[in-house]
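One structure is given here, and the rest of the page talks about it.
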Protein chains: 2
Amino acid sequence: MSDIPDLTAHTGYLLRMVSNAVSQKFARDVEGEGVTVAEWAMLRSLYGSDATTPSDLVRKMGMTKGAISKLADRLLDKGLIARTGSNRGQSLSLSPAGAQRVPILAALADQNDAAFFTVLSGEEHKQLRDLLHGLIKTHGLTTMPVD
Amino acid sequence: MSDIPDLTAHTGYLLRMVSNAVSQKFARDVEGEGVTVAEWAMLRSLYGSDATTPSDLVRKMGMTKGAISKLADRLLDKGLIARTGSNRGQSLSLSPAGAQRVPILAALADQNDAAFFTVLSGEEHKQLRDLLHGLIKTHGLTTMPVD
DNA sequence: TCCGTGAGGTTGACTAGGAAACTACCATTT
DNA sequence: AAATGGTAGTTTCCTAGTCAACCTCACGGA
């Protein structure tokens with residue numbers, strides 16, 4: 001009577017378990033470079049596209065404008081980005097130091113991903129990616145994960 | 001020279017995007033029941049196994065003991081759990097009200113999972129679960145996802 | 001027996017983010 | 001020109017975690 005099904009029956013549960021493992025490992029890695037995952041996400045977003053506004057980042061990163069504002073403050077303190085323009089309609093860009101750091105962090109991201117998923121065969125890896133792409137498409141997901 | 005590969009090339013990125021979507025939707029759902037995801041996770045852990053200690057939950061849920069302590073406080077305030085025993089070596093259990101709430105929340109979890117993954121064919125769904133189980137096994141993942 | 005060690009729990013300081021109030025500026029309308 | 005509305009950013013308050021310092025007690029050894 002009224003058994004509560006095993007939680008692990010949920011695909012979302014499995015997904016979260018794996019996803020958390022990947023993310024937490026990556027979080028520790030980038031922390032070693034003195035940067036949080038959210039900070040990395042912002043740096044990455046600024047890379048290659050100069051003149052990005054905070055509100056662009058709000059859309060891309062799916063965070064509130066309050067959070068973006070503070071995040072930018074932190075990166076500014078660390079000297080990794082520059083803020084130009086005044087109160088309204090400003091624009092953010094990587095500082096030289098920031099631009100330098102991005103490839104290093106990107107390499108970490110590559111390594112982290114490879115380390116986790118190379119246990120899959122090429123075929124399996126492709127299957128997984130296809131399935132995820134399918135879910136992303138049918139649910140219309142767009143916001144980049146930040147946490 | 002030194003192109004930064006597209007982030008979306010990372011399987012971990014895709015995984016996180018999908019996982020976040022599932023989790024955020026579920027978070028909103030349970031919030032409608034006046035409970036956070038972490039609270040739900042604790043309730044669920046207490047269900048069916050009486051006499052669980054906080055340190056058990058630390059292990060199961062992968063949170064620090066500080067967090068578990070405060071989480072238990074909140075559930076206590078809401079009247080969903082009971083705390084017995086003294087300062088050291090206490091044990092936590094569901095209150096009647098808490099035991100009543102679990103099936104409702106479990107139903108939400110079922111619905112949420114179903115809603116997200118039924119766009120997959122039976123075969124695809126099985127593939128996905130098999131792949132995730134494989135990753136969980138080879139990486140020895142055990143901590144239940146809470147966020 | 002009594003002491004010390006260390007595990008179980010709590011607490012306080014700190015961090016990152018969300019929500020909403022607030023500020024500043026621009027454009028449009030009158 | 002003045003008022004008004006809307007968009008961009010900031011700030012304040014709140015929540016939920018971590019971390020580390022701290023209490024309390026059980027138990028093992030001298």
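Within every chain, numbering begins at 1; the chains are lettered A, B, ... in the order of the sequence lines, protein sequences first and strands thereafter. Owing to the predicted nature of the structure, the values given are computational and were not obtained by experimental measurement.
Note on ring orientation: taking the six-membered ring where Trp is involved, the planes of B/Trp40 and B/Phe26 are perpendicular (angle over 60°, cut-offs 30° and 60°).
When the C1' atom of D/dT15 is taken as reference, atom CE of B/Met63 falls 12 Å away, rounded to whole Å. One interatomic measurement links the two molecules: CG of B/Asp56 to P of C/dG9, which rounds to 8 Å at whole-angstrom precision. C/dA19 atom P lies 12 Å from atom NZ of A/Lys65, rounded to whole Å. Atom CD1 in B/Ile68 sits about 9 Å away from atom P in D/dG17, given to the nearest Å. Between A/Gln24 atom CD and D/dT18 atom C1' the separation is 13 Å, expressed in whole Å. Protein atom CZ of B/Arg59 is 9 Å distant from nucleotide atom P of C/dG9, rounded to whole Å. Taking atom CG of B/Leu57 as the reference point, atom P of C/dA7 lies 19 Å away to the nearest angstrom. Following rounding to the nearest Å, A/Leu75 (CG) and D/dG9 (C1') show an atom-to-atom distance of 16 Å.
For A/Gln90, the side-chain atoms get nearest to D/dT10 when compared with the rest of D/dT10, C/dG9, D/dG17. Comparing atom distances between the A/Ser69 side chain and each of D/dT11, C/dG9, C/dT11 picks out D/dT11 as nearest.
Between A/Arg28 and the phosphate of D/dT18, there is no side-chain N or O to OP1/OP2 separation shorter than 4.0 Å. Residue B/Thr64 has no polar side-chain atom (N or O) positioned under 4.0 Å from OP1 or OP2 of D/dC19. The side chain of B/Arg83 contributes an N or O atom lying less than 4.0 Å from OP1 or OP2 of C/dT10. The phosphate of C/dG9 has OP1 or OP2 within less than 4.0 Å of a side-chain N or O from B/Ser55.
Within the 3.5 Å criterion, the main-chain N or O of B/Ala9 finds a donor-acceptor partner in the side chain of A/Arg129. In this structure, A/Asp29 contributes its side chain and A/Leu108 its backbone to no donor-acceptor pair below 3.5 Å. Side chain of A/Asp113 to backbone of B/Thr11: a donor-acceptor contact under 3.5 angstrom is found. Using modelled atom types, no side-chain atom of A/Ser55 and backbone atom of A/Val58 make a donor-acceptor pair closer than 3.5 Å.
Side chain A/Lys70 to base C/dT15: no donor-acceptor pair is found below 3.5 Å.
Residue contacts shown for A/Gly66 include a base, since a base heavy atom lies under 4.0 Å away.
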